[in-house]
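What you see below is based on every heavy atom in this structure, not just the backbone, and it leaves out hydrogens, waters and symmetry mates. All values reported here derive from a predicted model rather than from experimental measurement. One-based numbering along the sequence shown.
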Amino acid sequence: MSQPDPSEITPEHIYLNRRQFMLGLGALTAGLALGACGGTTKTPAAATPLNQVTPYSGPETDDLQHELTSYESVTHYNNFYEFSLDKERVAQLAQDFQTSPWQVVMGGLVRNPRSFGLDDLLAFDQEERVYRMRCVEAWSMVIPWIGFPLWKLLEIVEPTAEAQYVRFETLYAPNRMPGQESAVLDWPYVEGLRLDEARHDLTILSTGLYGKSLLPQNGAPVRLVVPWKYGFKSIKSIVKIDLVEDMPLTSWMQASPREYGFYANVNPNVPHPRWSQATERRIGVSGRRETLLFNGYGDQVAHLYAGMDLEKNF
Ligand SMILES: Nc1nc2c(c(=O)[nH]1)N[C@H]1C(S)=C(S)[C@@H](COP(=O)(O)O)O[C@H]1N2
Ligand SMILES: [Mo]
């Protein structure tokens, strides 16, 4: 499959509005791509050796021996609609975003509601973890995240017996996040996990990557990383985590339920309504590779979905 046309990687309602807008301007060749991950055909600039300035000493591949994506690409090719729909502009627009002070308020169906400041979060054990992160329009990166398992916070707040899901919210502050001035999504950005997914060891809250603190474009000061799911599940700049009984309505399900499901497990066998998801393009590497079920983490996570129809629960 060749690169999807920008019209193919956009939730329909946004695409149609955008198309009318562009037709109005006569700008038929506009290259801006919308969608949970966007899908411009441009390749990010070749790796510049930033990680030679501050040497990175962690692993150079993930557990499938896939090479890391360059620090330059990881920090300059981003999806963060609170700043821009253009993946190559997010870094610049987010550069002055203030991430201190910061509080993550944890509550809902828990015995011990608590609020965690940045220092609390940074005090948790930090580990080098090399995950394959991928996006919904079939591009992927291999990123050495630093973080700690979300279960560590869940253990502290103690979900009650009624709690079945975890609901996450990004900061809402249109004066600091200019993308929130436009109604492209219903702000704040909301994501969710089933409680057993949230308790899985691979599910982390990340505060850094490549041995450095997160930059704003990657979701500073704290973002979720769920490596067996499409990129949009990994919500950035989290301020609120609630334990809830019912499946939360996530931003992407609300925007386009036909295209974006709650589970969003990476699955080459379930095409997006408008394109195949069988192959992906690794940023910085030419050609395409076959997409792996659960992004290659099947041994560790498939049991969570035993007996479920993955075509219905996409
Ligand atoms: N708050 C918020 N979180 C978000 C997004 C977003 O627009 N806003 N984009 C998601 C998508 S679609 C992807 S692919 C990843 C991208 O993370 P990265 O830029 O650090 O690679 O962030 C996810 N988390
Ligand atoms: Mo994405």
Which pair of heavy atoms, one from [X] and one from [Y], lies closest together, and at what distance?
| X | Y | result |
| --- | --- | --- |
| L202 | P227 | O-CD, 3.3 Å |
| L68 | P144 | CD1-CG, 3.9 Å |
| L214 | P221 | CD1-O, 4.1 Å |
| F314 | P257 | CZ-O, 3.7 Å |
| L249 | V190 | O-CG1, 3.6 Å |
| K236 | T170 | O-OG1, 2.7 Å |

Examine distances only and state if a side-chain atom of [X] and a backbone atom of [Y] form a donor-acceptor pair shorter than 3.5 Å.
| X | Y | value |
| --- | --- | --- |
| T69 | V142 | yes |
| Y210 | S213 | no |
| R223 | N218 | yes |
| T207 | V222 | no |
| H66 | D62 | no |

Run through E280, R134, R281 and flag the one making a side-chain hydrogen bond (donor to acceptor under 3.5 Å, both in side chains) with S140.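 Going through the options one by one, the only one that passes is E280.
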Please list, chain by chain and in numerical order, all residues satisfying ring-ring contact (aromatic ring centres under 6.0 Å, His included) with F294, sequence neighbours excluded.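 F294 satisfies ring-ring contact (aromatic ring centres under 6.0 Å, His included) with Y305 once adjacent residues are dropped.
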Do the ring planes of F124 and F148 sit parallel (below 30°), tilted (30 to 60°) or perpendicular (above 60°)?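 Rings of F124 and F148: parallel, under 30°.
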Could you tell me how the ring of F80 sits relative to the ring of F83: parallel (under 30°), tilted (30 to 60°) or perpendicular (over 60°)?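 Ring orientation, 0 to 90° scale: perpendicular.
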Taking the ring of Y189 and the ring of Y81, is the distance between their centroids below 6.0 Å?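 Centroid distance Y81-Y189: not below 6.0 Å, so no.
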Measure from the ring center of W228 to the ring center of Y297 and say whether it is less than 6.0 Å.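 Between Y297 and W228, which both carry aromatic rings, the centre distance is not below 6.0 Å.
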Side-chain heavy-atom pair [X], [Y] within 4.5 angstrom cut-off:
| X | Y | value |
| --- | --- | --- |
| V90 | N79 | no |
| R289 | T279 | no |
| R199 | P159 | yes |
| S237 | E82 | no |
| T61 | V130 | no |
| L243 | L154 | yes |

Taking atom OG1 of T75 and atom CD of Q217, what is their separation to the nearest 0.5 Å?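 So the OG1 of T75 and the CD of Q217 are separated by 5.5 Å.
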Hey, could you give me the NE2/CG distance between H303 and D196, rounded to the nearest 0.5 Å?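 Spacing of NE2 (H303) from CG (D196) equals 7.5 Å.
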Within residues 152-183 or reaching into it, pairs that qualify as ring-ring contact (aromatic ring centres under 6.0 Å, His included) - sequence neighbours excluded: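 Passing the test, one end in residues 152-183: Y165-F262.
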Could you tabulate the donor-acceptor pairs under 3.5 Å formed by side-chain atoms of residues 102-112, not counting sequence neighbours?
{"residue": "W102", "atom": "NE1", "partner": "I238", "partner atom": "O", "Å": "2.8"}
{"residue": "Q103", "atom": "OE1", "partner": "S115", "partner atom": "OG", "Å": "2.4"}
{"residue": "N112", "atom": "ND2", "partner": "I156", "partner atom": "O", "Å": "3.0"}
{"residue": "N112", "atom": "ND2", "partner": "E158", "partner atom": "OE2", "Å": "3.1"}

Are the charged groups of E197 and K229 less than 4.0 angstrom apart, N to O?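 Looking at K229 together with E197, the answer is yes, because their closest N to O distance falls below 4.0 Å.
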Would R132 and D63 satisfy salt bridge (Lys or Arg N to Asp or Glu O under 4.0 Å), going step by step from the backbone distance to the final call? CA-CA 9 Å; R132 271 152 297 126; D63 46 6; 3.4 Å; yes
Is atom CZ of R89 surrounded by more than 12 heavy atoms (other residues, nucleotides or ligands) closer than 6.0 Å?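 Counting neighbours around CZ of R89, 12 or fewer heavy atoms of other residues, nucleotides or ligands fall under 6.0 Å, so no.
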Tell me, yes or no, whether the heavy-atom count around Q300 atom CD, taken from other residues, nucleotides or ligands under 6.0 Å, exceeds 12.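 Yes, enclosed.
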Is a donor from one side chain sitting under 3.5 angstrom from an acceptor on the other, for E162 and T160?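 The answer is yes; a qualifying pair exists.
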